[in-house]
Amino acid sequence: MTERLAATPSGIAAAARILRDGGLVAFGTETVYGLGGDATQPSAVAHIFEAKNRPRFNPLISHFASADAAFKQVQSNPLAQKLADRFWPGPLTLVLPRAPGCTVSDLAADGLPSIAVRVPRGDAVLALLRAVDHPVAAPSANRSGRISPSDASHVLDELEGRIDAVLDTGPCAVGLESTVVDLTNPDRPCLLRPGGVSVEELEGLCGPIARPETESDAAPLSPGRMLSHYAPSLPVRLNATSVGPQEGLIAFGPTPLHDEAAVTWNLSPTGNLEEAAARLFSGLRFLDSQRQTFELTGLAVQPIPEHGLGLAIQDRLRRAAAPRPAGYDLT
Ligand code: TXA
Ligand code: MG
């Protein structure tokens with residue numbers, strides 16, 4: 001059952017409690033309804049992908065109640081400050097380098113060294129974000145491939161029974177997603193997705209904005225993009241049915257091949273795909289960190305089921321296993 005909460009102080013407090021406890025709450029912003037989960041809890045983020053039925057992970061926007069809260073998580077720059085002053089709260093998302101101590105989980109950022117941040121408009125959503133006091137990851141609250149919802153009843157049509165609650169904040173004013181601008185290089189702002197703030201308005205403040213070849217929710221898989229994702233330093237071997245003595249093992253399920261492995265990280269001993277998604281990035285980082293201790297030459301990955309979140313996990317591991325572009329430093 002998905003609870004429909006009114007945008008009253010008690011409804012907002014209930015929604016905040018659910019989010020802090022790791023549950024999922026959809027809420028209206030000025031653009032579209034977002035499917036919110038605590039960005040610092042990988043299990044909540046895994047649950048977002050599961051509820052949306054997404055075949056692959058993609059980096060999510062972290063939502064905040066204020067620019068101050070957002071800029072604690074990223075390394076800001078004068079241009080970002082200027083855009084935030086002008087457009088926040090509002091339909092603009094800024095992509096900036098992760099700050100030291102950033103608490104957004106790797107899964108929410110799909111392993112990228114940058115984070116997308118935004119302060120949405122709307123009294124109820126801002127009150128909710130203030131009460132949660134953690135970054136809230138929120139993609140549009142529709143099932144994968146469907147239209148973004150601009151009303152609480154659209155959300156229920158799509159996600160009834162798959163999320164804990166929807167905070168009914170009424171219809172969305174803009175009805176179109178936020179504009180996403182990459183400011184990781186402030187000398188070359190780059191439009192990643194057109195949206196609620198027009199390019200002309202942006203260019204009025206920051207000069208010409210580069211428009212890369214792609215502009216969609218589907219993060220491109222080009223090698224250039226893959227480079228910027230976290231990939232382990234060790235080569236990755238998928239669908240392993242045996243494991244060598246100098247291999248680290250990413251296991252899945254109750255019968256790992258760990259007897260032969262130098263060191264093992266089981267994504268989910270009970271074979272739960274949501275738990276596996278939540279533990280994927282920490283596992284890659286852990287095994288990578290064991291490289292010298294165990295003189296590892298590679299990572300072997302046991303087969304992962306090809307359904308539900310298994311598809312997204314497989315997709316991420318395939319990217320981790322893909323040949324690295326020339327010059328990619330494997331140490
Ligand atoms: O209006 C909106 O932005 C809505 C509401 C709910 O806030 N949210 C939304 O989220 O549309 P989502 O997850 O559907 O879109 C996130 C966009 C994607 O195009 C994604 O590739 C991009 O932001 N993005 C997120 N983090 C990024 C990063 N670190 N680098 C580059 N692009 C990023
Ligand atoms: Mg979307």
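Order of listing sets the numbers, starting from 1, for every ligand and every atom in it. Computed over heavy atoms, backbone and side chain alike; hydrogens, waters and symmetry mates excluded. Quantities reported herein were computed from a predicted structural model and do not represent experimental measurements.
For the residue pair Leu287 and Thr264, the shortest heavy atom distance occurs at CD2-C, 4.4 Å.
Using a 4.0 Å cut-off between heavy atoms, Arg193 contacts ligand 1 through its side chain alone, with no backbone atom that close. Heavy atoms of Asp110 found under 4.0 angstrom from ligand 1: none, in either backbone or side chain.
Not a single N or O atom of Thr29, backbone or side chain, sits closer than 3.5 Å to an N or O atom of ligand 1. Taking only nitrogen or oxygen atoms, main chain and side chain alike, Tyr33 does not reach within less than 3.5 Å of ligand 1. For ligand 1, the polar-atom distance check against His63 finds a nitrogen or oxygen pair separated by under 3.5 Å.
With rounding to the nearest 0.5 Å, the separation of CG in Leu234 from CZ in Arg291 is 4.5 Å. For the atom pair CD (Glu50) and CG (Leu24), the distance works out to 10.0 Å, reported to the nearest 0.5 Å. The NE2 atom of His63 lies 6.5 Å from the OG atom of Ser178; values are rounded to the nearest 0.5 Å.
Here atom 5 (C) of ligand 1 lies nearest to Thr31 when heavy atoms of Val95, Thr31, Val136 are compared. Considering Ser178, Pro149, Ala116 only, the shortest heavy-atom separation from atom 2 (C) of ligand 1 involves Ser178.
Which parts of ligand 1 touch Leu60 is read off a 4.0 Å heavy-atom cut-off, strictly below it: atoms 13 (O), 26 (N). Taking every heavy atom of Gly34 and a limit of under 4.0 angstrom, the matching atoms of ligand 1 come to 6 (C). When each atom of ligand 1 is checked for a heavy atom of Leu112 under 4.0 Å away, the hits are 28 (C), 29 (N), 30 (N). Distances below 4.0 Å separate heavy atoms of Ile61 from the following atoms of ligand 1: 3 (O), 8 (N), 9 (C), 10 (O), 16 (C), 23 (O). Here is the list of ligand 1 atoms found below 4.0 Å of a heavy atom in Leu192: 31 (C), 32 (N).
Using modelled atom types, one finds no donor on one side chain facing an acceptor on the other under 3.5 Å when comparing Asn272 with Thr270. Counting only N and O atoms by type, the side chains of Thr184 and Asp182 include a donor and acceptor under 3.5 Å apart. There is a side-chain donor-acceptor pair under 3.5 Å between Ser148 and Glu177.
Heavy atoms of Pro120 come nearer than 4.0 angstrom to ligand 1 in no pair at all. Ligand 1 is approached by Ser114 to a heavy-atom distance shorter than 4.0 Å. By the 4.0 Å heavy-atom criterion, Ser140 is counted among the residues contacting ligand 1.
Surrounding CG of Asp157 are more than 12 heavy atoms belonging to other residues, nucleotides or ligands, all under 6.0 Å away.
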Using atom types as modelled, flag every donor-acceptor pair under 3.5 Å from a side chain in residues 82-90 to any protein atom, sequence neighbours excluded.
unit_1: Lys82; atom_1: NZ; unit_2: Leu205; atom_2: O; d: 3.1
unit_1: Trp88; atom_1: NE1; unit_2: Leu92; atom_2: O; d: 2.8

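Residues in residues 87-100 take part in these salt bridge (Lys or Arg N to Asp or Glu O under 4.0 Å) pairs, two or more places apart or across chains: Arg98-Asp106.
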